[in-house]
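Some notes on the structure that comes next.
Counting begins at 1 with the first residue of the sequence.
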Amino acid sequence: MPELPEVEAARRAIEENCLGKKITKALIADDPKVIDGVSRADFEASLLGKTIVSAHRKGKNLWLRLDSPPFPSFQFGMAGAIYIKGVAVTKYKRSAVKDTDEWPSKYSKLFVELDDGLEFSFTDKRRFARVRLLKDPASVPPISELGPDALLEPMTGDELFESLSKKKIAIKTLLLDQSYISGIGNWVADEVLYQVIKKSLEVGADSSQFPSNWIFHSREKKSGKAFVDGRKIDFITVGSRTTAYVPELQKLSGQQAARAGSKQANKRKGHGDGVNDDVNEAASDEEVNGSVQSKKGRKPRGQGKRSSAKRKSIESDDEDNANDSEDDDDDDNDDRHDEDQKNKTRKVTNNKQSKVEKTSKKTVQTSQNSKKKKAK
């Protein structure tokens, strides 16, 4: 799942290869779920003939400044990615376009050719990304609602201490809140609590260099033999998200410590292997989503609980995203998922309407019976 390092790597690749060049061809996908608020024809017409002046990023969002507005912006979602033909955007094994690869990809949402022949594309196989055309991307949501960027606007030690002293929330849950600090997602949060975010940029967002992210999807986690720097990695759940930590260096406290102890006791008694039995922790919507919506009011603790099935589904999506290749997947699963969600919504709505109708009929019947009695 793309977080600050991947988006920053994409920004730097565009900055190094595309600035000062004119857009001679633009193809926008006919996908209103991803292409947000603008028609395909209008989007293409707004890009043609424009020169790319600069590339900007805040949190997990990227936008390109052209020689005149409006400007394209990209919210990467779960699987958004920038590909530049002939350029390895990151050190991922799938970051470079091969001669044998389909180009542009069938998952391409925006494809651009520049006046020197260079081509780049924004792809999204899961369709959770959002591509917009805006006059000033930084002044409108979601970018305008983001907290300070984790890389570009770091707090001083004193500012961080003062800020944290006012919070009564798990540290990882707070890091996931994009209105507090932007750009940090699930695996980066684990890394930040173990080392620093600059490490991810130094290695070009190569996930094999990040212990928690790499081991999260590895056989070592399943076998319970995950290590980093010779120290054992264990897994718990924080804010309904699977979380890697190093017990030797990162000490648990309070309820987390008690739950971890219970988990180990169950393991010794033979009740599960203690590796994949994530602890179920009550969390608010803000804690689960880590979203900018937290500014608009918080729900009482416990109302935002996720069911085990839903939480497992989220973790499964993360794992699929890490292991599937761009050319292997299909949007059919996403479409079926979307349709399932719509059907569930319709079912709930119909049930509510049915209850309302029954209540209304009962009220009318009671009223009529009362009138009859008075008439007698």
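- Listed for the Arg57 side chain is a donor-acceptor partner under 3.5 Å among the backbone atoms of Gly59.
- Residues Leu64 and Leu134 fall into different hydrophobic clusters, defined by Ile, Leu, Val, Met, Phe, Trp and Tyr side chains chained together at heavy-atom separations under 4.5 Å.
- By the 4.5 Å heavy-atom criterion applied to side chains, Val87 and Phe120 are not counted as neighbours.
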Derivation of the side-chain contact (heavy atoms from CB on, under 4.5 Å) call for Ser73 and Leu62: CA-CA 6 Å; Ser73 73; Leu62 168 72; over 6 Å; no
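- The two atoms that bring Ala55 and Leu19 nearest to each other are N-CD2, 4.2 Å, heavy atoms only.
- Side-chain contact between Val131 and Pro72 is absent, with no heavy-atom pair separated by less than 4.5 Å.
- Note on Ile14 and Val53: separate hydrophobic clusters, where clusters join Ile, Leu, Val, Met, Phe, Trp and Tyr whose side-chain heavy atoms are under 4.5 Å apart, directly or indirectly.
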Residues Thr173, Val238; criterion side-chain contact (heavy atoms from CB on, under 4.5 Å); working and verdict: CA-CA 7 Å; Thr173 302; Val238 178; 3.6 Å; yes
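- Residues Lys21 and Asp116 are paired through a salt bridge, judged by an N-O separation under 4.0 Å between the basic side chain and the carboxylate.
- A donor-acceptor pair is defined here as one N or O able to donate and one able to accept, closer than 3.5 Å; no such pair exists between the side chain of Ser163 and the backbone of Glu159.
- Glu15 contributes atom CD, which lies 8.5 Å from atom NE2 of His56 (distance to the nearest 0.5 angstrom).
- Hydrophobic clustering keeps Val140 apart from Phe71 (ILVMFWY residues linked when any side-chain heavy atoms are closer than 4.5 Å, directly or through intermediates).
- Residue Pro247 comes nearest to Asp234 through the heavy atom pair CG-CB, 3.8 Å, listed as atom of the first residue, atom of the second, then distance.
- Remark: side-chain polar atoms of Glu3 are paired, donor with acceptor, to backbone N or O of Asn186 under 3.5 angstrom.
- Side-chain contact between Ile28 and Lys109 is absent, with no heavy-atom pair separated by less than 4.5 Å.
- Considering CG of Leu4 and NZ of Lys60, their distance stands at 9.0 Å, rounded to 0.5 Å.
- Grouping the Ile, Leu, Val, Met, Phe, Trp and Tyr side chains by contacts below 4.5 angstrom, directly or via other members, places Leu27 with Trp103.
- Tracing side-chain contacts under 4.5 Å through hydrophobic residues (I, L, V, M, F, W, Y), one never reaches Leu48 starting from Ile52; they form parts of separate clusters.
- Comment: Arg12 engages Glu8 in a salt bridge, judged by a side-chain N to carboxylate O separation of less than 4.0 angstrom.
- The distance from atom CG of Leu47 to atom CZ of Phe111, rounded to the nearest 0.5 Å, is 12.5 Å.
- Taking the six-membered ring where tryptophan is involved, the planes of Phe74 and Phe122 are tilted, since the angle between them lies from 30° to 60°.
- Within the 4.5 Å cutoff, the side chain of Met155 has no heavy atoms near those of the Phe161 side chain.
- For the residue pair Ala138 and Ile143, the shortest heavy atom distance occurs at CA-CG2, 3.8 Å.
- For the atom pair CG of Leu133 and CD1 of Ile35, the computed distance is 10.0 Å after rounding to the nearest 0.5 Å.
- You'll find the side chain of Leu252 reaches within 4.5 Å of the side chain of Tyr245, heavy atoms only.
- Salt bridge status for Lys22 with Asp67: absent, with no side-chain N to carboxylate O gap under 4.0 Å.
- Without hydrogens or angle criteria, Ser39 side chain to Asp42 main chain gives a donor-acceptor distance under 3.5 Å.
- Thr24 is not listed as a side-chain neighbour of Val112, based on a closest heavy-atom distance of 4.5 Å or more.
- Inspection of the Ser108 and Ser121 side chains reveals an N or O donor paired with an N or O acceptor under 3.5 Å.
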Derivation and outcome, side-chain contact (heavy atoms from CB on, under 4.5 Å), residues Asn17 and Leu118: CA-CA 8 Å; Asn17 295 277; Leu118 190 69; 3.9 Å; yes
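- For the pair Ser139 and Ser144, the minimum side-chain heavy-atom distance is 4.5 Å or more.
- Of all non-hydrogen atoms in Ser182 and Lys58, the two that sit nearest each other are OG-CG, 4.0 Å.
- Between the CG atom of Leu146 and the CD1 atom of Ile181 there is a distance of 11.5 Å, given to the nearest 0.5 Å.
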Intermediate values then yes/no, side chain to side chain donor-acceptor pair (under 3.5 Å), Thr243 and Lys172: CA-CA 9 Å; Thr243 299; Lys172 179 177 178 180; 2.6 Å; yes
Trace of the side chain to side chain donor-acceptor pair (under 3.5 Å) decision for Ser179 with Asp177: CA-CA 5 Å; Ser179 68; Asp177 181 355; 2.7 Å; yes
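- Of all heavy-atom pairs spanning Glu162 and Ser165, the tightest one is O-OG, 2.6 Å.
- Classification of Lys106 and Glu102 as a salt-bridged pair fails, no side-chain N sitting under 4.0 Å from a carboxylate O.
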Trace of the side-chain contact (heavy atoms from CB on, under 4.5 Å) decision for Val246 with Lys232: CA-CA 6 Å; Val246 180; Lys232 189 177 186 302; over 6 Å; no
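- Residue Lys135 places its NZ atom among 12 or fewer non-hydrogen atoms of other residues, nucleotides or ligands, all under 6.0 Å distant.
- Atom-to-atom distance recorded for Lys25:NZ and Glu119:CD is 7.0 Å, nearest 0.5 angstrom.
- Annotation: Glu153, atom CD; neighbour count of heavy atoms from other residues, nucleotides and ligands within 6.0 Å is above 12.
- In summary, Asp36 and Arg132 engage in a salt bridge, as defined by a charged side-chain N under 4.0 Å from a carboxylate O.
- Put simply, the side chain of Tyr83 does not reach to within 4.5 Å of the side chain of Val89, judged on heavy atoms.
- Summarising the geometry of Ala244 relative to Ile233, their closest heavy-atom pair is CB-CG2, 3.9 Å, with the distance given to 0.1 Å.
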